[in-house]
Structure formats: structure tokens, C-alpha cells
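Input: a single structure, listed below in C-alpha cells.
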Amino acid sequence: MLRDKSALIAMSGGVDSSVAALLTLEHGFDCVGSMMKLFSNEEVDCREKSCCSLTDADDARAVANKLGIPFYVFNFSDVFKEKVIHRFVEIYQNGGTPNPCIDCNRFLKFGKLLHRAHETGRNYLVTGHYAQIKKDLASDRFLLKKSVDLEKDQSYVLYAMTQDQLKHTLLPLGGMTKSQTREIAIDNGFVNAKKQDSQDICFVPNGNYADFINKYTGKPPAKGQFLDTDGSYLGEHKGIIYYTIGQRRGLGLSGQHPMYVCSVCAEANTVTVGTTDKLNAKTLIARDINLIPIKQLDSAIKVHAKLRYKQLEQPATVWQLDSDTLRIEFDAPQRAPAKGQAVVLYDGDLVIGGGTIDGTA
RNA sequence: UGGGGUGUCGCCAAGCGGUAAGGCACGGGACUUUGACUCCCGCAUGCGUAGGUUCAAAUCCUGCCACCCCAG
């Protein structure tokens, strides 16, 4: 049986989730702190900047102690390996560009961990994301909205949340700014009050994801051909996993103008490069979609869409093609949509939903 | 082997006697809970080589070397 005012706090060891824990406690919830163990130290060189490393666990535990709440570590490394790392590697090998943080949110935080909360009788999962969840009485659906602090808004990485997940999730920082969070952490003497924000992929040491993939697969990357947009040979590439659509640096190709990756073909093991004007696409197809305020789109709607985490939303029109496919046509061409990345749709500060980019049309 | 042309940073390329532009690539940083993009900073005491003329040469002169083209 789930108790109404009980929560499991997802703590990363960072400032945000620590303050989220404090605020939840102050709201009268019965709280338990937790951390997901996502990989072993032998597998990954944990480093300070990532979330969920060893020192982060110490920080999270220290904060939990300070708050006087229990703190548990759950070993989810098997699921993480299957749902995040394996997918990550596979998508790169297929010429796509994965977003492991979104997968981790979907399958681990709001999947495994939320389930664990329920298993232990707790009604809510609390995270330190900057976004807001609201119940819409008219439609009886839960809505996901941007955070008040638009600079820090993280709704992009939460677009895949289901109604059930939204119903059982609390985001105490959604109405706050990052600086307010920091202040609270400092005022409360949290050890991580001044810790820098996490960045890069947590399971990839030094930010070198390609090395990680090579080590994971145990195979050296297959070199192949760089082609220009006319199909002529320009040079040898290091292996398709090293490239993503729109990439400029690291190609080693010199020309009159900067060269960017225009497409990656896994079958032919080729990477096509061209000038920046070759990267624009107006229409794209998204699969594995999720819609939040509505069950399905019966007709085309106008939205504002983002192709990447830090991007101003762009006006677009969306059609639903089938139960799992959206067609998104932007008013103006967009630069470098990459297969595997997430496209997220907004109406003002409301998240309509999103999907995984499958290609351009 | 004759005749012509060219040799400036990894690539392209300014310079035309007054003390080495720029772009690309590369390196570093900022930004960032993915990958990218973007922005900022750095990047030839030396201009194929050896001499010479000049107060002063990548720039003029001479030899040599390399590469390219045309003839054989």
C-alpha cells in the first residue's frame, strides 16, 4: 500500500537533488534518500564531474545524514548496462547519435527507481530536475512544464515521461532558480553546495565516448571513407562512431570552408561531409514517441520544437502518422537533425511530447 | 636531355625591398546532465637551399635542389 506523503529521493550527490530532498522533507513528507549504483568501478573510471560516482555517493550520504533520513544505494547496474550503455553503443554503431541521459531517465530513474519506490511502499519519487508537473483537472491528465528558471530548464530530458510516472513524481526545484538552490544548499551547510554541475556522459571517463565504445565492444573501429556531397573520396575516417551529423571538429579535412558531417552510412561505412549549408532539413520523422497532455494527435498542430537540449524552440507543425510516429515540419529549415537525438515539442511552457529522430523527410 | 613554370605553417593562400595577412586543419578554454554547434585564445625569429647586392630581402641577383608542364 502506498502512503500518500512518502517519497523516495533520487540523489545524485549534486546540489540539486540534495536541495530537492530538503524541500520534500520540509513539505512534511516521510523521506528516504537513495542512489542508483549504475556501474562498477572496474568497468568505468569514475570521476568527479559525473553523476553517481563514488565521491558523489559520499556526498549524497552526507546530505542524507545531515537531513536525518535513511540512505540506500540500489544496484541497477544490470539494467543500466542493458538499457543505457548497450543501447548507446548500438546506436553509435548504426550511425546514429544516442542520448543516454534521456534513456537513463526513462528506464532507470522513472523506471527502475520509481518501481523500487513503490515496492517499498512509497508513493512518490523525487528528483532535482528543473521542470514542473501539474495536474490538469479538465483533462484529468498530468502535465509537464518548463521550470520557472528558463535558463536551467530540463524539461527536454523528461519528455518521455508517462502519465503514471508523472503522477508519482515530484520536482521540488521546478519553481526555483539555480541560484536559489545554491543559496539553500549553502545556508544548510551541504558539503556539495559549491560543487559544479555535472556534465558529459556519466559512464564515459574523460568524455571520450569513442574509446569507451571500442573498449566495450573489444573491437577496433573500422576505418572508412570520407566522401563529399558529390560522392568523391576525400580521405579516410577513423570509424563512424567518431562522427555525428553536424560535427565540424576532429575531421582533419581542410578546405576553403569548414567541413561538417552531413550523413553517416553504417552499411557502407562512409561519412559524407560538406559545407554548413548542406545540413539544413525542414521536415523530420520521429519514432518511439510520447505525448503528454493528449493521447494522440487527431490533426496537425502548431508547436515549438527543440532538436537539442540547448536550443531556442523553433515553430513547426506536427502530424501523427501512426501510434508511434510523428512528422514534424519546421517553418524554417533546421540545422543538422541527428538520428537518435530527441525532438521535443512545446506549446509555450507546456511539453506536448517528443520522440527520437529517425530521419529527415 | 632541351624549353617553360613553381617552390611562404599540416593544406590553401596574401605578400612585389622596410622588418611574415587570412581561411582550413590542429591544440587549449568557455558553454553544456547526451552527441554536436557556437564563442574565445593559441598556432612560421621565418618564407626550398647556398651565397651575393643593400642600412634593410620572402621580396633583387647567382648557383644548386625539388616538383609540374611542353617537347623528345
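- The main-chain N or O of A/Val191 is never found under 3.5 Å from a side-chain atom of A/Lys66 such that the two would form a donor-acceptor pair.
- Across all their heavy atoms, A/Phe71 and A/Val73 have their closest contact at CE2-CG2, 3.7 Å.
- With hydrogens and angles ignored, the 3.5 Å screen pairs a side-chain donor or acceptor of A/Gln314 with a backbone N or O of A/Leu312.
- With sequence neighbours excluded, the residues satisfying side-chain contact (heavy atoms from CB on, under 4.5 Å) with A/Thr217 are A/Val89, A/Gln93, A/Ile213, A/Lys219.
- A heavy atom lying under 4.0 Å from RNA chain B marks the following residues of residues 244-251 of chain A, by number: A/Thr244, A/Ile245, A/Gly246, A/Gln247, A/Arg248, A/Arg249, A/Gly250, A/Leu251.
- For residues 160-190 of chain A, the set of pairs meeting the ring-ring contact (aromatic ring centres under 6.0 Å, His included) definition, not counting sequence neighbours, comprises A/His118-A/His168.
- Shown for residues 337-361 of chain A: residues whose heavy atoms fall under 4.0 angstrom of RNA chain B, namely A/Ala338, A/Gln341.
- B/rC70 sits 49 Å from B/rG28 when the C1' atoms are compared, rounded to a whole Å.
- Within residues 267-282 of chain A, no residue approaches RNA chain B, by heavy-atom distance under 4.0 Å.
- Separating the CG atom of A/Asp200 from the P atom of B/rC31 is a distance of 12 Å, rounded to the nearest angstrom.
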Scan nucleotides 10-15 of chain B against the protein and return all N/O pairs shorter than 3.5 Å with their distances rounded to 0.1 Å.
unit_1 : atom_1 : unit_2   : atom_2 : d
B/rG10 : N2     : A/Ser254 : OG     : 3.4

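- For A/Glu329, the salt bridge (charged side-chain N to carboxylate O under 4.0 Å, His left out) partners at least two apart in sequence or on another chain are A/Arg327.
- A straight line from OH of A/Tyr130 to P of B/rU32 spans 13 Å, rounded to a whole angstrom.
- Aromatic ring orientation, A/Phe88 versus A/Tyr92: perpendicular (interplanar angle above 60°, classes split at 30° and 60°).
- Residues A/Asp230 and A/Ser232 have side chains that never bring a donor and an acceptor to within less than 3.5 angstrom of each other.
- Distance A/Lys178 NZ to B/rU32 C1': 12 Å, rounded to the nearest Å.
- When the C1' atom of B/rG35 is taken as reference, atom CZ of A/Phe88 falls 8 Å away, rounded to whole Å.
- Considering only residues two or more places apart in sequence or on other chains, A/Asp228 meets the salt bridge (charged side-chain N to carboxylate O under 4.0 Å, His left out) condition with none of them.
- Taking the C1' atom of each, B/rU8 and B/rA20 are spaced 8 Å apart, rounded to whole Å.
- Less than 4.0 Å separates RNA chain B from at least one heavy atom of each of the following residues of residues 92-107 of chain A: A/Tyr92, A/Thr97, A/Pro98, A/Asn99, A/Pro100, A/Cys101, A/Asn105.
- Checked against salt bridge (charged side-chain N to carboxylate O under 4.0 Å, His left out), A/Arg248 has no partners two or more places apart in sequence or in another chain.
- The aromatic rings of A/Phe74 and A/Tyr72 lie tilted to each other, with the angle between the two planes from 30° to 60°.
- Within a 6.0 Å sphere centred on NZ of A/Lys302, other residues, nucleotides and ligands contribute more than 12 heavy atoms.
- A/Tyr260 has a side-chain polar atom (N or O) that falls below the 4.0 Å cut-off from OP1 or OP2 of B/rU38.
- A salt bridge links A/Arg106 with A/Asp288: the distance from a Lys NZ or Arg NE/NH1/NH2 to an Asp or Glu carboxylate oxygen falls below 4.0 Å.
- One can place NZ of A/Lys310 at 16 Å from C1' of B/rG35, the figure rounded to the nearest angstrom.
- Taking the ring axis of A/Tyr260 as reference, the NZ or CZ atom of A/Arg335 stays within 45° of it and closer than 6.0 Å to the ring centre.
- Rounded to whole Å, atom P of B/rC31 lies 20 Å from atom CZ of A/Arg308.
- Note: NZ (A/Lys306) to P (B/rU32) measures 13 Å, nearest angstrom.
- What separates CZ of A/Phe212 from C1' of B/rU34 is a distance of 13 Å, to the nearest Å.
- Across B/rC11 and B/rA25, the matching P atoms stand 15 Å from one another, rounded to whole Å.
- By the rule that a glycosidic angle within 90° of 0 means syn, B/rC37 counts as syn.
- Atom NZ of A/Lys223 is surrounded by 12 or fewer heavy atoms from other residues, nucleotides or ligands within 6.0 Å.
- Contacts of A/Phe142 classified as side-chain contact (heavy atoms from CB on, under 4.5 Å), with partners at least two apart in sequence or in another chain: A/Ile133, A/Lys135, A/Gln163, A/Leu166, A/Lys167.
- With sequence neighbours left out, A/Lys238 forms a side-chain contact (heavy atoms from CB on, under 4.5 Å) with A/Tyr242, A/Tyr243.
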